[in-house]
There are 2 protein chains.
Amino acid sequence: MLKLTKKADYGLIAMKHLAEHGEQCAISAKDLAEAYGIPQEALAKILQRLVRGGLLVSQQGTKGGYVLARNPRLISVLEVIRVIDGPLLLTACSEGDADCDHATLCTVREPLRKVSLSIQQVLSKLTIWDLREPKLSEAEKQAPSFSPALVKLGDTVVMPPQGDLPRS
Amino acid sequence: MLKLTKKADYGLIAMKHLAEHGEQCAISAKDLAEAYGIPQEALAKILQRLVRGGLLVSQQGTKGGYVLARNPRLISVLEVIRVIDGPLLLTACSEGDADCDHATLCTVREPLRKVSLSIQQVLSKLTIWDLREPKLSEAEKQAPSFSPALVKLGDTVVMPPQGDLPRS
DNA sequence: TCAAGTCCGACTGAATCAGTCGCATATCTA
DNA sequence: TAGATATGCGACTGATTCAGTCGGACTTGA
């Protein structure tokens, strides 16, 4: 459980590839699909969602393809996942109580919601750029875009949020 | 996506209830189900898994029911989820490469695995006891069983900023 | 020994996921 | 201008997983 869907997986692979190679020219869905052994049509649908989500820009026509809409250092993994798979919630029942009939009875939702927030924050700190080269993460430590941080559960989170968030 | 199944949800609710009330006598699946409006048989199955997983002890017979196998302070949320829903993996393809045909091509797996580990650390730090009373978590801060967790992402430590999330 | 009460394993609809197909639209090149 | 190439979009199908139900096996207490 708690696993990402293949769609999100494919989406991240594509985004990472575009971050690495798509600097100049657009890359077509076909090329991406062939490069990673992903079904073309499936990937195309995912890329379309990313376009609608504002993370990619598409270019139609013969020399068309996809390009990142922003600097990869400003696109978080969380955004990609959220665009493809929808909002990620840890608890089965969403924020609204209306749909959950035992809202008043269910007493674990609140603590779990906090855990969910922690996970989201971890994912929001990781950018597409960070996926690029794992070995570079050491060097990235100094970079302002990826600063050290502390995770605390319960209702308190210590340490000032010095790090700038990737996009808000 | 990335949401817990209802089963895990029910399981956590039950564990929490047992941590609060099941000190002396065993509590039957029926009582638990009625208390939270959960289908009896569905809950029973979940409780059975928790027994097999070594987190609960079952007592058959007229006055039977379930009791926690260990101190609730020593049972992590991660354990409960893992017993009910199986090992939680962020990536679609598991650790073994055999089943994933584009193992060599998929380049995002390694960074995602680290994220997965971070999430697991967060969940393993949270115990059933911590779910008990959210208001007490402030006091629990001093308790040795619940020390501030540090989430490490790869070689760098990542921190969720407090307060609100980056909306996208 | 009987009966009440409980745990336990197999089974059946329902929902979601992964991938496919076909057609419309836009752009570039000859 | 016509053809080739590429994205954009909706509907569809098979497979997997989830949620919940049913009947049987076991233990306990009178």
* Please state how far atom CD1 in B:Ile81 lies from atom P in D:dC18, giving the value in whole angstrom units. => 14 Å
* When all nucleic acid strands are considered with a 4.0 Å heavy-atom cut-off, which category describes A:Ala29: base, sugar-phosphate, or nothing? -> sugar-phosphate
* Asked: When you check the phosphate oxygens OP1 and OP2 of D:dT5, does a side-chain N or O of A:Lys30 lie under 4.0 Å from one of them?
  -> no
* **Whole-Å distance separating the CD1 atom of B:Ile46 from the P atom of D:dA19** => 8 Å
* Asked: Do A:Val80 and A:Leu50 come within less than 4.5 Å of each other through their side chains, counting heavy atoms only?
  -> yes
* To do: Determine, step by step, whether B:Leu18 and B:Val67 satisfy the side chain to side chain contact (heavy atoms under 4.5 Å, CB included) criterion, reporting the C-alpha distance in whole Å, the side-chain angles of both residues, the deciding distance to 0.1 Å, and the verdict.
  => CA-CA 7 Å; B:Leu18 288 170; B:Val67 197; over 6 Å; no
* Asked: Taking side chain as C-beta onward, heavy atoms only, is A:Leu123 less than 4.5 Å from A:Ile119?
  -> yes
* Would you kindly give the CD-to-P distance between B:Gln48 and D:dG23, to the nearest whole Å? => 17 Å
* **B:Ile27 CD1 to C:dC7 P, straight-line distance once rounded to whole Å** => 11 Å
* Asked: B:Asp9 versus A:Leu112: any side-chain heavy-atom pair under 4.5 Å?
  -> yes
* Asked: If you look at every strand shown and take non-hydrogen atoms under 4.0 Å, does A:Ala42 touch a base, only sugar-phosphate, or nothing?
  -> base
* Structure fact -> When rounded to whole Å, the CG to C1' distance for the pair A:Leu56 and D:dG8 reads 14 Å
* Structure fact -> Regarding the side chain of B:Ser28, the nearest nucleotide among C:dG22, D:dT21, C:dT6 is C:dT6
* To the nearest angstrom, how far is B:Glu41 atom CD from C:dG9 atom C1'? -> 12 Å
* Provide, to the nearest angstrom, the distance between the CD atom belonging to A:Gln59 and the P atom belonging to C:dC28. => 9 Å
* Please check the phosphate of C:dG19 (OP1 and OP2 only) for any side-chain N or O of A:Tyr10 closer than 4.0 Å. => yes
* Structure fact -> Between A:Lys45 and A:Val57, whichever has its closest DNA chain D nucleotide further toward 5' is A:Val57
* **Contact nearer the 5' end of DNA chain C, comparing B:Thr62 with B:Ser58** => B:Thr62
* Asked: OP1 or OP2 of D:dG8 less than 4.0 angstrom from a side-chain nitrogen or oxygen of A:Tyr66, does that happen here?
  -> yes
* Any ion pair linking A:Glu20 and A:Lys16 (charged N to carboxylate O, less than 4.0 Å)? -> yes
* Asked: For the side chain of B:Gln60, counting heavy atoms from C-beta on, which of C:dC17, D:dT21, C:dC7 is nearest?
  -> C:dC7
* Rounded to the nearest Å, what distance is computed from the NZ atom of residue B:Lys7 to the P atom of nucleotide C:dA14? -> 17 Å
